[in-house]
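All ligand and atom numbering here is 1-based and tracks the order in the structure. What you see is a predicted model, and the numbers here were worked out from it, not measured in a lab. By convention here, the first residue in the shown sequence is residue 1.
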Amino acid sequence: MVLRGLEKMVQLQKNPANIRNICVLAHVDHGKTTLADCLISSNGIISSRLAGKMRYLDSREDEQVRGITMKSSAISLHYANGDQEYLINLIDSPGHVDFSSEVSTAVRICDGCIIVVDAVEGVCPQTQAVLRQAWLENIRPVLVINKIDRLIVELKFTPQEAYAHLKNILEQMNALTGTLFTSKVLEERADRVGEPRGPAAEPGEQLYDWSSGLEDTDDSHLYFSPDQGNVVFTSAVDGWGFGIEHFASIYSQKIGIRKDVLLRTLWGDYYINVKAKKVMKADQAKGKKPLFVQLILENIWSLYEAVLKRDKEKIDRIVTSLGLSISAREARHSDPKVQLSAICSQWLPVSQAVLAMVCQKLPSPLEMTPERVEKLLCTGPQTFDSLPLETQALKAAFMKCGSEDAAPVIIFVSKMFAIDAKALPENKPRPLTQEEMAERRERARQRHAEKLAATQGQAPSDPPQEGGAPGTSPPAAAEPEGDQRPLESAAPRPPQDGDRAESFIAFARVFSGVARRGKKIFVLGPKYSPAEFLEQVPHGFSAALNELPPVPHLACGTLERLYLLMGRELEELEEVPPGNVLGIGGLQDLVLKSATLCSSPSCPPFVPLSFEATPIVRVAVEPTHPSEMPQLVRGMKLLNQADPCVQVLIQETGEHVLVTAGEVHLQRCLDDLRERFAKIQISVSEPIIPFRETITKPPRVDMVNEEIGRQQKVAVIHQTREDQSRLPEGVQVDADGLVTVSTPNRLATLGVRALPLPEEVTRLLEAHGDLIRRMETWTSSLCEGRVTGELPQKVQEQIREFRGQLERHLTGHRWRDTVDHICSFGPRKCGPNILVSRSHAFQGSVWPEAARDAGRFRDLGNSLVSGFQLATLAGPMCEEPLMGVCFVLEKWDLAAPEAPAGEREREGQAGAGEGDPDPEASGAGPCEKQSFLRGDAAPADCYGPLSGQLIATMKEACRYALQVKPQRLMAAMYTCDIMATSDVLGRVYAVLSRREGRVLQEEMREGTDVFTIKAVLPVAESFGFADEIRKRTSGLASPQLVFSHWEVIPSDPFWVPTTEEEYLHFGEKADSENQARKYMNAVRRRKGLAVEEKLVEHAEKQRTLGRNK
Ligand SMILES: Nc1nc2c(ncn2[C@@H]2O[C@H](COP(=O)(O)OP(=O)(O)OP(=O)(O)O)[C@@H](O)[C@H]2O)c(=O)[nH]1
Ligand SMILES: [Mg+2]
């Protein structure tokens, strides 16, 4: 960028009222980057001819090749409107679902967004998703309906049809907004209801009218309507766009109708009576064209028609009447599109329309709402009022966005991005100044003279060729050593070493205070608590930052370098005033992916970014040459830092695993790993597909849909016996599926039964994972005496509601009192499986109110719960986690140990002395038996006779209990949205059905022949799906896959034919396809587990291989 431009930006950065931080959001391929090009070209950064073709912000090679954006990138633009000058910090975001985390990082640091919608495709799944994200972050949206040219050229709509179509899109967008608004209002009401009431509130006053808030909340400003000025119609590729205000000004002069009347009527069913100079409602005269059609669309349509039909006369007429000038080169160009965009971009420049709307309708950093500030500062279920007073005081700083010295500096880093260290401005050779050039020339001359003197033995007075060399050749060639000097002076840091070829820049925004280069600042980790700090450090501390006592999750860093983000370029800055987007260098060792930076320790970390996509596609990677492992490990670490949503793990098996959001994301991560971060050859495993294991109710019909009759039963029992014979000695199973196992030392006997949970319960457990985790953390802290108080009111409310929902779903005789007796969730204490105890001897409870007296079962409970956790973490089918299983501990016997009588007595008293309120447990039997488990009674056995064995036995019991039930695999499912025209619909269906997909819904877009298909597809079958669809439909359909849920695969992986019909149908070997078995065996093989398979060695004769061959 030219220096003058940079100075201008620096100056504009100081006036927050005229700053707009905005991002462009849309479904994939709706034209965000193309639109951004048009805006960028208005600043002269790229030429207007290249705008729309270059996709300047898609700076990665793969982005250009694939034609999709993969990261969000920012650029600062200057815009002048009348006497006002604005600074627009524009962030382009990706639309592909795989990169939706990049959208979250962009939305967080903006105040407003442009939602782009393709006029042909209309509102798509990602449009909904991004609008929701904008709402979640409380940022204001404006709408751009793009690709209007397609309505003319491709769909060949008449202006009237186009108007109806556009109206329809707006209605859809507004319907979405309405839904979001309603749910937000209701949520706020719910929060208010949940807050503690004053003492005066009586229990009788609990009647609440949920809808009451809706009517009196004004929402008219939220909706998109051209007459509100928040909608613009564009064709980014042809470089034009307009809002109705533009035409209102033109026509108010031309026809003599007041501008404000036109502004209200240009959009909508109004028509004009030219003679009377009046605008009338359309229903007064049927068949009249709306103003929008007559005054706007028809003009555009006729321009397109003239250009596409090459009607030179008409074109000239239009160009003259609009007062434009078209260069001869463009007028003669063989491609009519060139001429079109030359005319249109002068007539209705898209950047003018869009940027004017942005400046008028989107808020400046000064207009940040108190709601948004409170939301940013309150992590989890905390309320703003519960934060320390010092923290609450920061709200004023946010709202004021002040740049005075006393203002606290608050910065949020939403992601770290890697950039080649050579591309940093401080490492780039800068143009030499006049003096430097003269100095170099002088030195070159001297050296040359010295050389000549050395060879000829005398100093030459006038060296030959001297005039040309330094002047004409580039300075670097003329003066190699001299070239180093200015470079070094520009980069005070030592040059980056080999492995720091990538430098990390924080993508951030200053919310308050001025970020100055070299300033020391706190880096707050996500778990940092200002309350804890304020407790530890006396009020009003004045020590230097690095002399503070160590506080957990708080580090101290320096703002080493500050940059203005200019798309592919960075410009160095000395300071950045509040309300601006910026890049920060030198934080890579302190910030992993995102962080809050603050000059005051009373600031809490901002709420974590909310990511829409769940990372689900995992692959194992290893270096092709094993010796390069360290490079791979380092590369993966860098990759982890550079991508907001990738996960990098080392599995128990020692494999290095990458977890990504989808196939395209995976590909990008691997490319980055190979080419940028590890720079080695890597081999990548087949995608590791996750499964879950579960059990179901016994089937009523057999595999040929015959009801299971008596004959069948014989066979089944026969088979069960066979299965049972596999169970080791000492494990007993009754007919009802109760498994009884003793510990190897025979001291304890457990009876466990496995039951399938109703589907809704599993879903409920999954949805409340965070709440369960919180409950669990609190309970365990309570048991360890780390906390004393109550859980926050809001959490208690949520827990009560969750419990109520569970109770509503677990009804019937079998589930009686189950909810009260839940003693753990699993795996990892928060998963979708539960452990229920029906034994009187052990009654742990997960619910907070019971947690205080559950302490007495702790030691024992820990072993049982650990066993349950292990069992749910890896099931018997293929060691995948369980889902939707309830284990009921029905029996629990403990034989008394051979302890000296006196000791036992003492122990018994100690047990009773704890003031046990439960007579059953404090009585004789089990409690006395438990007491010896308190560890200290038998120190020699602290790992011993029971705790260790109990864990293993519990785990085994759970596994056997599962195995006696009908086991099923659960597959991860994607929802898949495909848009396809009717002619390729058949092929899309063919691909879907071959990959076990199921179509849920098919809709035709009004007025087009585009179908939108919603389907579900197993993740296991999804690899290569998008490519296949694209190939088979010649690129006309492209699916968007988003992880949705887990689904039981109906077939039984262990099924073998048992009835005559089944024999007849499937053959004796039953070697026809069994999807579940195929998946199960694939997982087992991958994990190195034994696979039972029949191998055909000779055509007729078969043999069964041994288990471990
Ligand atoms: N006909 C027409 N095509 C357009 C218009 N705007 C963009 N396109 C085309 O649409 C395609 C996608 O454009 P992009 O700007 O890359 O879309 P995007 O929204 O940035 O896509 P992602 O970043 O991958 O989500 C390109 O081929 C553009 O040429 C338009 O106004 N009219
Ligand atoms: Mg893009």
Side-chain angles (χ1 to χ4, degrees), residues 23-41 46 49-60 62-75 90-103 106 113-122 124-127 129-130 133 144-157 162 166 232-242 300 304 308 335-338 340-341 344-345 348-351 353-354 567 613 661-662 664-665 667-668 977 979 1008 1026 1030 1035-1036 1038-1040:
C23 51
V24 195
L25 310 176
H27 187 77
V28 65
D29 263 1
H30 281 197
K32 297 173 285 296
T33 315
T34 313
L35 182 70
D37 258 15
C38 297
L39 307 185
I40 295 168
S41 79
I46 59 172
R49 275 195 205 117
L50 284 179
K53 298 174 192 75
M54 187 174 182
R55 291 190 288 119
Y56 180 75
L57 290 180
D58 284 355
S59 50
R60 294 170 55 100
D62 46 359
E63 286 180 322
Q64 288 288 342
V65 173
R66 273 180 172 259
I68 59 169
T69 307
M70 300 190 180
K71 50 154 195 4
S72 44
S73 44
I75 189 160
L90 177 80
I91 305 180
D92 178 34
S93 70
H96 196 285
V97 268
D98 280 14
F99 304 106
S100 65
S101 55
E102 293 275 348
V103 176
C113 62
I114 302 177
I115 307 237
V116 181
V117 175
D118 183 329
V120 173
E121 297 195 347
C124 292
Q126 276 311 99
T127 319
V130 292
Q133 263 176 319
V144 167
I145 302 189
N146 188 29
K147 306 203 189 180
I148 303 280
D149 61 306
R150 290 182 70 191
L151 299 182
I152 313 174
V153 182
E154 279 179 35
L155 299 187
K156 306 217 169 1
F157 276 177
L166 294 174
V232 157
F233 303 91
T234 63
S235 165
V237 117
D238 292 340
W240 59 266
F242 65 88
I300 297 174
Y304 266 76
L308 295 178
D335 184 358
K337 280 261 175 186
V338 174
L340 248 183
S341 68
C344 293
S345 56
L348 301 167
V350 58
S351 57
V354 173
V664 185
H665 185 214
Q667 199 52 47
R668 206 220 59 206
D977 290 285
M979 306 251 286
T1008 64
R1030 256 196 298 275
L1036 289 177
S1038 61
Q1040 294 273 300

| query | So, the side chain of Q126 versus the backbone of L25: is there a donor-acceptor pair under 3.5 Å, distance only? | reply | no
| said: Using the rule side-chain contact (heavy atoms from CB on, under 4.5 Å), only one of V120, L166, I300 pairs with I148; which is it? | reply: L166
| task | Report yes if P94 has an N/O atom closer than 3.5 Å to an N/O atom of ligand 1; otherwise report no. | result | no
| Is the backbone of S93 close enough, under 3.5 Å, to the side chain of E102 for a donor and an acceptor to pair up by distance? | no
| message | When you compare the side chain of Q1040 with that of H96, does any pair of heavy atoms fall below 4.5 Å? | response | yes
| Can you tell me the protein heavy atom closest to atom 20 (O) of ligand 1 and the distance? | T33 OG1, 2.6 Å
| D58 side chain near D92 side chain, heavy-atom distance below 4.5 Å | yes
| task | Give the contacting part of T69 toward ligand 1: side chain, backbone, both or neither, where contact means a heavy-atom distance below 4.0 Å. | result | both
| How about T69: does one of its N, O or S atoms come closer than 2.8 Å to the Mg ion (ligand 2)? | yes
| query | Between F242 and W240, how do the two ring planes meet: parallel, tilted or perpendicular, split at 30° and 60°? | reply | parallel
| Shortest protein heavy-atom distance from atom 6 (N) of ligand 1, along with the residue and atom involved | N146 ND2, 3.3 Å
| query | Nearest protein heavy-atom contact for atom 29 (O) of ligand 1: which residue, which atom, what distance? | reply | V237 CG2, 3.6 Å
| message | Can a donor-acceptor pair be found, under 3.5 Å and without considering hydrogens, that links the side chain of Q64 to the backbone of M54? | response | yes
| field | For ligand 1, the portion of R150 having any non-hydrogen atom under 4.0 Å away | value | side chain
| note | The closest protein heavy-atom partner of atom 17 (O) of ligand 1 is G31 N, 3.2 Å
| Going by the atom numbers of ligand 1, which of them fall below 4.0 Å from some non-hydrogen atom of A236? | 6 (N), 30 (C), 31 (O)
| request: Walk me through it: do D118 and R150 pass the test salt bridge (charged side-chain N to carboxylate O under 4.0 Å, His left out)? | output: CA-CA 9 Å; D118 183 329; R150 290 182 70 191; 2.9 Å; yes
| remark: Judged by heavy atoms only, the candidate from K32, R66, K147, R55 nearest atom 30 (C) of ligand 1 is K147
| query | Salt-bridged, R60 to D62, with N to O below 4.0 Å? | reply | yes
| Does a salt bridge link K147 with E121, judged by any charged N lying under 4.0 Å from a carboxylate O? | no
| request: Please confirm if an N, O or S atom belonging to S93, backbone or side chain, lies less than 2.8 Å from the Mg ion (ligand 2). | output: no
| query | When you measure from atom 21 (O) of ligand 1 to every protein heavy atom, which one gives the shortest distance, and what is it? | reply | D29 N, 3.1 Å
| field | Test item: protein heavy atom less than 4.0 Å from atom 26 (C) of ligand 1 | value | no
| query | Out of D149, L151, D92, I68, who gets a non-hydrogen atom closest to atom 2 (C) of ligand 1? | reply | D149
| remark: Ranked by distance from atom 14 (P) of ligand 1, the top protein heavy atom is T34 OG1, 3.4 Å
